[in-house]
Novice: 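Below you will find the structure I want to go over with you.
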Amino acid sequence: MIFWLIAIAVTAIACAALLYAGRGRVVNVSAAESADANSHFRLVLAGIDADLAAGKIGAEEAVGARGELAREMLRAKAEAGPQATHEIGRGTLLSGLGLVAALALGLYAFLGNPNLPGQPFAGRADVAAQNMDLGAAIARIEERLTADPDDLRGWTVLAPALLEVGRFAEAANAYGRIIDLSEPTAQLLTDRAEALLLAADGAGSEEAMGLLRTAAEMDASHVQSRLYLGAELTRTGQYDDAVRFWQAAIDLAQGDEPWLQAAQQGLAVAENDGVDTTALDQAEMIRGMVESLSTRLYADGGTVEEWSQLVRSYIVLGDLPNAQIAYDGAVAAYPAAFDRGELDSMALAAGLKLNGAEQ
């Protein structure tokens, strides 16, 4: 009750101040200006009288000058009169202030609560969340869920957080609780399967595979479940089924997905009964490029950078005998040590020898 009395008093004071400020008023500033203007006219009149006495002007001219001066005085007084000001109607102003006061008090009565206890700034939920690490946040959510185990929103927040910190088995249980409290979806089933597979640490999980198959059947456009199925079936040697799921995932791609290249490689492995032909193809392609560079350098020569590239390529491929031959060819083409730059350092660090063919 005290709060409402204070609120009404403050509102009344504010409205009174606005009412006073909104009333039209005329500030009398004409007195000083009139005094200054009369002083000016008196000086002019004194000048006319002085000129008449000195004989500079005649009597008729003096009368005309005084008449003109009198007209100027009348004009000045008319222009210096107080300016009329427009005043807002008192009824309009009072109605507006009453509406503002009623609206403010009514909104607070509907939305506010003056009986809430004071809360320190540091104890507020938003500030606490900013200063809380993930572990503390998880602990607080778990404490809340212990008191209210049917809080779907709490489980929805907890499950991915547990997955983030590596508590995979608990994350799987959390996803299971979400599924129990809501309708299962392909994504929820896949999320639980993912947690189970991570908890198994490469050993596989029959429960996870069942969840993934259910997810794939539930949603014909769900990619993630098909990718997991393709990977797990490839790992366990079930290549025909793996090919089917890899291809299904690839068919759902738009062409710019980050997982597309990995899926294509997984498909190639499954189609070749577990042999990663893409790696073999890449190695063969690199070796062909090295051979082409080698043939050209031995036949036509090249820059020291090209010789360095050839030596480095053989070293990366682990072919040290050909690396030594290429190094000898580079030394023969550039016998001055300062021309070879970093080539010598690279070659000697790999175990090659200077002029190894002569030793």
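Remember, it's a predicted structure, so these values are computed and weren't measured experimentally.
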Novice: Show, in sequence, the C-alpha distance, side-chain angles and deciding distance for L189 and Y175, and conclude whether the side chain to side chain contact (heavy atoms under 4.5 Å, CB included) test is met.
Specialist: CA-CA 8 Å; L189 295 176; Y175 278 117; over 6 Å; no
Novice: My understanding is that only residues two or more places apart in sequence, or in another chain, count here; which of them pass side-chain contact (heavy atoms from CB on, under 4.5 Å) with D219?
Specialist: A186, S221, H222
Novice: I'd like to know whether CG of D201 has more than 12 heavy-atom contacts from other residues, nucleotides or ligands below 6.0 angstrom.
Specialist: no
Novice: Rounded to the nearest 0.5 Å, what separates atom CD1 in I325 from atom OG in S294?
Specialist: 8.5 Å
Novice: For residues 308-318, which side-chain donor-acceptor pairs fall under 3.5 Å, sequence neighbours excluded?
Specialist:
from: S308; atom 1: OG; to: V304; atom 2: O; distance (Å): 2.9
from: S313; atom 1: OG; to: Q309; atom 2: O; distance (Å): 2.8

Novice: Flag yes if more than 12 heavy atoms outside E164 fall under 6.0 Å of its CD atom; otherwise flag no.
Specialist: no
Novice: Enumerate the residue pairs fulfilling salt bridge (Lys or Arg N to Asp or Glu O under 4.0 Å) with a member in residues 240-256, sequence neighbours excluded, ordered by first and then second residue.
Specialist: D241-R244
Novice: Below 3.5 Å, can you tabulate the donor-acceptor pairs from side chains in residues 209-217 to any protein atom, sequence neighbours excluded?
Specialist:
from: T214; atom 1: OG1; to: G210; atom 2: O; distance (Å): 2.9

Novice: For Q238, what residues pass the side-chain hydrogen bond (donor to acceptor under 3.5 Å, both in side chains) criterion, not counting sequence neighbours?
Specialist: T236
Novice: Considering residues at least two apart in sequence or located in another chain, which fulfil the salt bridge (charged side-chain N to carboxylate O under 4.0 Å, His left out) criterion with R153?
Specialist: none
Novice: What's the shortest heavy-atom distance between F245 and L229, and which atoms?
Specialist: CE2-CD1, 3.4 Å
Novice: What residues form a side-chain contact (heavy atoms from CB on, under 4.5 Å) with A332, not counting sequence neighbours?
Specialist: none
Novice: Nearest 0.5 angstrom please: E194 CD to Q224 CD, how far?
Specialist: 5.5 Å
Novice: One pair to check against salt bridge (charged side-chain N to carboxylate O under 4.0 Å, His left out): K353 and D328. What are the steps and the verdict?
Specialist: CA-CA 9 Å; K353 298 179 180 180; D328 292 338; over 6 Å; no
Novice: How many angstroms lie between atom CD of E207 and atom CG of L197, to the nearest 0.5 angstrom?
Specialist: 10.0 Å
Novice: Is any side-chain heavy atom of R287 closer than 4.5 Å to a side-chain heavy atom of D319?
Specialist: yes
Novice: Mind checking what makes ring-ring contact (aromatic ring centres under 6.0 Å, His included) contact with W307, not counting sequence neighbours?
Specialist: Y298
Novice: Shortest non-hydrogen contact from A220 to L252?
Specialist: O-CD1, 3.9 Å
Novice: Under the side-chain hydrogen bond (donor to acceptor under 3.5 Å, both in side chains) test, which residues partner R226, sequence neighbours left out?
Specialist: none
Novice: Take D344 and Y327 through the test side chain to side chain donor-acceptor pair (under 3.5 Å) and record every step on the way to the result.
Specialist: CA-CA 9 Å; D344 286 348; Y327 182 41; 2.6 Å; yes
Novice: Return the set of residues passing side-chain contact (heavy atoms from CB on, under 4.5 Å) with A263 (not counting sequence neighbours), or none when no residue passes.
Specialist: L227, W246, I250, W259
Novice: How would you list, by chain and number, every residue that makes a side-chain contact (heavy atoms from CB on, under 4.5 Å) with E170, sequence neighbours excluded?
Specialist: E142, L162, R167
Novice: Identify the heavy atoms of Q247 and L267 that sit nearest to each other, and give their distance.
Specialist: OE1-CD2, 3.2 Å
Novice: Taking all non-hydrogen atoms of both residues into account, name the closest pair between A270 and T234 and its distance.
Specialist: CB-OG1, 4.0 Å
Novice: Taking salt bridge (charged side-chain N to carboxylate O under 4.0 Å, His left out) as the test, write out the residues that go with R235, two or more places apart.
Specialist: E232
